[in-house]
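Below is one structure, written out as structure tokens; the observations come after it.
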Amino acid sequence: MATPTLDKADAAGTPEPGFADSPYITATFRIRRFNSEVSAEAVWEDFQLEIDPKERVLDTLHKIKWEQDGTLTFRRSCAHGICGSDAMRINGKNRLACKTLIKDINPEKPITVEPIKGLTVLKDLVVDMEPFFQAYRDVMPFLITKDTNEPTRERLQSAEDRERFDDTTKCILCAACTSSCPVFWNDGQYFGPAAIVNAHRFIFDSRDEAAEQRLEILNDRDGVWRCRTTFNCTDACPRGIDVTKAIQEVKRALITRRF
């Protein structure tokens, strides 16, 4: 058997076939850390790592937690943009970490990651979601009918009636819209965009019979009239819901009592 030899191309340092330049880049992630057991103040901490820019921010957080600092704390579940649990501020904008690609947020500069605003930070990127979910529960986000007996047949609805509230059925309760709202930042008693969106979903459902009750709930001083129409909520929604439009439709229903 002949002895293998190094050809001139290899000797010159040319990559062999299949060994092209690495797709990985070095990126810096600047994460806002908070641990009440260590300090009452939050601090920024930098992490440098090699990562494929086509990967997601969530992949990076996993890599940091598994390989550099196991104390890093954040929420995630499905990792496919459905559960909404990994909403956070990335480079100053509310996003889902599982849907945000590294290449889309300028990895040449430090990428900042911090918890969503307006809710109490429990640790690192984890916030207390209870006020958010309480507002959601307060608008009665479920079908209500006067007939309390089990229905004997399906509650039919036309395609046109279903289309009326189709957009607001997309909410995944990630809180990205509510925590992007300046009114909510300054007054946590405000119901917030997500609660109003979920009220909208039933107010305009032709099968529901509690629209008046929900409208009166949102007619409160902490309700829909607190909205200042800044469009932050619509820009922040990872599901593309026209949140501001839904809020305006609820306001109009309160004035006209037509829904």
Side-chain angles (χ1 to χ4, degrees), residues 32 42 75 83-96 114-122 125-144 164-205 208-259:
R32 191 171 178 83
R75 287 191 178 107
C83 72
S85 61
D86 63 347
M88 54 191 71
R89 284 175 66 82
I90 302 170
N91 277 0
K93 293 183 63 175
N94 284 12
R95 314 172 196 249
L96 295 183
E114 56 189 312
I116 52 179
K117 297 176 67 174
L119 295 164
T120 302
V121 179
L122 300 178
L125 305 176
V126 174
V127 299
D128 180 7
M129 294 285 286
E130 179 53 28
F132 170 81
F133 284 118
Q134 185 57 57
Y136 170 69
R137 291 190 290 265
D138 286 345
V139 300
M140 302 185 298
F142 42 83
L143 191 73
I144 299 175
R164 179 67 184 84
F165 60 93
D166 184 68
D167 194 38
T168 48
T169 64
K170 301 173 186 174
C171 178
I172 57 175
L173 297 174
C174 64
C177 65
T178 295
S179 60
S180 72
C181 175
V183 177
F184 186 79
W185 298 342
N186 294 306
D187 183 1
Q189 298 302 309
Y190 172 45
F191 273 83
I196 300 170
V197 159
N198 282 278
H200 178 287
R201 181 256 175 273
F202 288 98
I203 288 169
F204 294 96
D205 189 330
D208 187 85
E209 297 174 325
E212 288 282 358
Q213 290 175 254
R214 294 190 186 88
L215 287 173
E216 284 308 313
I217 291 170
L218 293 176
N219 201 23
D220 183 85
R221 66 183 184 87
D222 294 318
V224 70
W225 302 112
R226 297 297 307 278
C227 172
R228 295 296 179 265
T229 320
T230 61
F231 289 91
N232 282 23
C233 51
T234 298
D235 292 341
C237 180
R239 301 285 288 179
I241 300 172
D242 196 341
V243 181
T244 309
K245 178 183 177 184
I247 294 173
Q248 298 310 308
E249 289 180 348
V250 172
K251 288 181 179 180
R252 190 178 304 116
L254 266 168
I255 295 171
T256 64
R257 296 295 164 162
R258 296 175 62 185
F259 37 84

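- Distance check: E212 CD to I217 CD1 gives 11.5 Å after rounding to the nearest 0.5 Å.
- Look at R214 and D208 and you find a salt bridge, because one of the NZ, NE, NH1 or NH2 atoms lies within 4.0 Å of a carboxylate O, short of that distance.
- Q189 CD to D220 CG: the interatomic distance, rounded to the nearest 0.5 Å, is 10.0 Å.
- Taking both residues in full, the closest heavy atoms of C227 and Q248 are given as SG-NE2, 4.2 Å, listed atom of the first, atom of the second, then distance.
- Here the side chains of P115 and R32 are in contact, with some heavy-atom distance below 4.5 Å.
- K245 NZ: 12 or fewer foreign heavy atoms inside a 6.0 Å radius.
- Between the CZ atom in R137 and the CZ atom in F132 there is a gap of 11.0 Å [rounded to 0.5 Å].
- With respect to E216 and R257, a salt bridge is recorded, a charged nitrogen being found less than 4.0 Å from a carboxylate O.
- Using modelled atom types, one finds a donor on one side chain and an acceptor on the other under 3.5 Å when comparing N219 with W225.
- In this structure, L254 and L215 approach most closely via the heavy-atom pair CD2-O, 3.3 Å.
- R164 contributes no side-chain N or O that, together with a main-chain N or O of F204, makes up a donor-acceptor pair within less than 3.5 Å.
- The distance from atom OG of S179 to atom CH2 of W185, rounded to the nearest 0.5 Å, is 8.5 Å.
- K251 is listed as a side-chain neighbour of T229, based on a closest heavy-atom distance under 4.5 Å.
- Side-chain contact check for T120 versus V127: every heavy-atom pair is 4.5 Å or farther apart.
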Checklist entry - So T234 and I241, side-chain contact (heavy atoms from CB on, under 4.5 Å) or not? Walk me through it. => result CA-CA 7 Å; T234 298; I241 300 172; over 6 Å; no
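- Closest non-hydrogen pair, A176 versus N94, comes out as O-ND2, 2.8 Å.
- Using modelled atom types, one finds no donor on one side chain facing an acceptor on the other under 3.5 Å when comparing N198 with T168.
- Nearest heavy atom pair, residue G192 against residue T178, reads C-OG1, 4.0 Å.
- Side chains of F142 and M140 form a contact here, defined as non-hydrogen atoms less than 4.5 Å apart.
- Closest heavy-atom contact between I116 and A175: CD1-CB, 4.1 Å.
- Scanning both residues, C177 and P193, for their nearest heavy atoms gives SG-CB, 3.7 Å.
- N232 has its side chain out of reach of C181: every pair of non-hydrogen atoms, C-beta onward, lies at least 4.5 Å apart.
- Counting heavy atoms from C-beta outward, V197 and R201 have side chains that stay 4.5 Å or more apart.
- No side-chain heavy atom of I144 sits less than 4.5 Å from a side-chain heavy atom of E209.
- Residues R89 and R95 form no side-chain contact, since every pair of their non-hydrogen atoms from C-beta on lies 4.5 Å or further apart.
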Checklist entry - What do the steps show when you test I196 against V139 for side-chain contact (heavy atoms from CB on, under 4.5 Å), and what is the final call? => result CA-CA 8 Å; I196 300 170; V139 300; over 6 Å; no
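- Annotation: the span from R226 atom CZ to D187 atom CG amounts to 4.5 Å, rounded to 0.5 Å.
- Taken to the nearest 0.5 Å, the NE2 atom of H200 stands 12.5 Å off from the SG atom of C171.
- Judged purely by atom type and a 3.5 angstrom limit, D222 has no side-chain atom pairing as donor or acceptor with the backbone of F191.
- For the pair D86 (side chain) and L96 (backbone), a donor-acceptor distance under 3.5 Å is absent.
- At least one donor-acceptor pair closer than 3.5 Å links the side chain of D167 to the backbone N or O of D242.
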Item to check | Working for side-chain contact (heavy atoms from CB on, under 4.5 Å), residues C83 and I172 | outcome: CA-CA 6 Å; C83 72; I172 57 175; over 6 Å; no
